[in-house]
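First the proteins, then the strands, lettered A, B, ... as listed; each starts at 1.
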Number of protein chains: 2
Amino acid sequence: MTSDAIARIRRFNRIVTAEVGALDTSFLGRGRPLGSARVLNAIGHGQSDVTAIRERLNLDSGLMSRLLRALEEEGLIETVPHPEDARRRVARLTPAGAAEFAAYEDLSNTQAGGFLDRHARPDELLAAMDLVASALGRHRIALEEMDPRDPVARACLEAYYAELAVRFEGGFDVKLSRDPDAADMIRPRGAFLVALSEELAVGCVGVKGQGGAVAEVKRLWVSPAARGIGLAHKLMAGAEEAARSLGVEVLRLDTNKALPEAQKLYRSTGWTEIPRFNDDPYPDTFFEKRL
Amino acid sequence: MTSDAIARIRRFNRIVTAEVGALDTSFLGRGRPLGSARVLNAIGHGQSDVTAIRERLNLDSGLMSRLLRALEEEGLIETVPHPEDARRRVARLTPAGAAEFAAYEDLSNTQAGGFLDRHARPDELLAAMDLVASALGRHRIALEEMDPRDPVARACLEAYYAELAVRFEGGFDVKLSRDPDAADMIRPRGAFLVALSEELAVGCVGVKGQGGAVAEVKRLWVSPAARGIGLAHKLMAGAEEAARSLGVEVLRLDTNKALPEAQKLYRSTGWTEIPRFNDDPYPDTFFEKRL
DNA sequence: CATGATGTCTGACTTAAGTCAGCTAATGCG
DNA sequence: CGCATTAGCTGACTTAAGTCAGACATCATG
């Protein structure tokens, strides 16, 4: 660790703490203290359960209660008892609250957009922001199981195919590869996991089964911005856990020498190389793991 | 501006606001409120003039006064009247204050270092942080005149030469180029400007004169992380201003077709192409501007 | 149905941060 | 010198944020 690197990180911290507030001033400038604005924002983003909001924003129950009252008095939200448990309360926006929330969103979007517009190489800047955000927010990345035909999942898969096309000499064509059938990656036969970092998909993996004791791991992908923070490891662990819950006893996968990082990962996490088990034209190396 | 880009910026904002505090917790964790810690930090970094600190941290005079008293009562600083103006006060660290400041610095450095260590590609991460910080902090970049032999200036020049070596077919050797004599870029004959973003050098430019009415602009360089935010423009404006203050009437410069961005900048800011005026082997295009 | 746990609310408090007006002492300038 | 300006200090105030203890209703469980 050179002192130069540390100086650069600290410069980043100084600038970012000073400027990000200014960048996302949507919270300010509408005459509402930060606390209320944060709660309004959380409710606008679909969080309705009061306890859930409290946990997310890390607020004391007393403070939370007062903030809710203040928003209620402003006519922006209304709270009703939870239908299944009258101790809990559920908050939702009134029409006035929805308008106020939309105003915050607009402000925020315009400001975010303006920031990019003022740069000559917005794509590079955006990629850098993704990289930094992924590194900073690594522990906030959560795996979510979803339908592989979901638009979010599809976006991951497209990125995966595009990358293979570049990595493999001679390109890559999904239709030539084995069985891109989604049904095999949905319960009860299989599963598909997407890694989400604040709603942005940064990786995925699929478990493809036929209902038997053997299943395959497919479509392991990590977004370029999220590489180097151990996400592939986390995705594989998630895939194994999903497979176990599906009753799978043996997991297999095929891969290619063009993806050396992947092979290194498999070998270091209990996978052993086995002979070819399919006639797919793309893979050249095969692995197995007993759960 | 696609909605995807905006989502990504906002993800960055969310993560960064949540994590940077945690990243630079040096301010916290030592049982001192943020305000006092910031003041202590500013003094530790060499700011002694009370007014200067107040302006930098944007503090009310009353608040500032109280923060200083609190630090004084803790025995961390002492204040004395300014030797040249008894209305103003000067603050400095006591030995105890210096120790406390060092503790903050240590904490901060360890945390910054740990963040990089946890990433598989620290260089890339650092470059991304530089890029983002430069874009966010573009308006905080200040030009400072300094001796071209100063270590900070030298670092810029090394980077400049290294880049030319890559850009030019056949490389670049300073010794073959004309007159790398520093004295011509120091007042009263010339000037050398460095662009500083929070103490990090991100660009430079030199005005090389012989005491006459004609001078040359040399060594215009912008760090890769700071490109695309108009810094070259700012540096050239600074160079022209410095030249004017030196009594220069005509500025000249030589450049190369391998640097098309530079040529575009010159043409758009009042420079006109002129015939070759030296026998330096590297340049192939020549410009002039009457001040 | 008694009991303890849970979720929310309320009142009384603390702390940090900041604003504002008026004061004093030193300074610069005609 | 007189006078306006400047730098800093002080007291009285406000606001935001958060803590804590207790009250109260609801719920789960034996």
Once you round it to whole Å, what is the distance between [atom2] of [N] and [atom1] of [X]?
X	N	atom1	atom2	result
Leu59(B)	dA7(D)	CG	C1'	15 Å
Arg32(B)	dA16(C)	CZ	P	12 Å
Leu34(B)	dA17(D)	CG	C1'	14 Å
Leu71(B)	dG8(D)	CG	P	16 Å
Met64(B)	dA17(C)	CE	P	14 Å
Leu63(A)	dC20(D)	CG	C1'	13 Å
Arg38(A)	dA17(D)	CZ	P	9 Å
Glu78(A)	dT8(C)	CD	P	17 Å

Review point. What closest approach, in Å, do Val207(B) and Ala239(B) show between heavy atoms, and which atom pair accounts for it?
Key: CG2-O, 3.5 Å
Point to revise | Main-chain N/O of Arg118(A) paired with Arg138(B) side-chain donor or acceptor, under 3.5 Å | key: yes
Point to revise | Donor-acceptor under 3.5 Å (Lys234(B) side chain, Ile141(B) main chain) | key: yes
Between [options], which one does the side chain of [X] approach most closely?
X	options	answer
Arg88(B)	dG8(D), dA17(C), dT8(C)	dG8(D)
Ser61(A)	dT8(C), dG18(C), dG8(D)	dT8(C)
Asp85(A)	dC9(D), dT26(D), dT27(C)	dT26(D)
Arg87(A)	dT8(C), dT26(D), dA16(D)	dT26(D)
Ala86(A)	dC9(D), dT26(D), dG18(D)	dT26(D)
Arg66(B)	dT8(C), dG8(D), dG11(D)	dG11(D)

Check your understanding: If you measure only the distance, is there a donor-acceptor pair under 3.5 Å linking the side chains of Ser48(A) and Arg92(A)?
Key ->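 The answer is no; no qualifying pair exists.
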Exercise for review: Would you indicate, yes or no, if dT8(C) has its OP1 or OP2 atom less than 4.0 angstrom from a side-chain nitrogen or oxygen of Arg54(A)?
Suggested key: yes
Check your understanding: Considering heavy-atom distances to DNA chain D, does Asp60(A) or His82(A) have its closest nucleotide positioned more toward the 5' end?
Key ->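 Nearest-nucleotide comparison on DNA chain D picks Asp60(A).
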Check your understanding: Between Glu145(A) and Arg187(A), is there a side-chain N and carboxylate O pair less than 4.0 Å apart?
Key ->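 Yes, charged N to carboxylate O under 4.0 Å.
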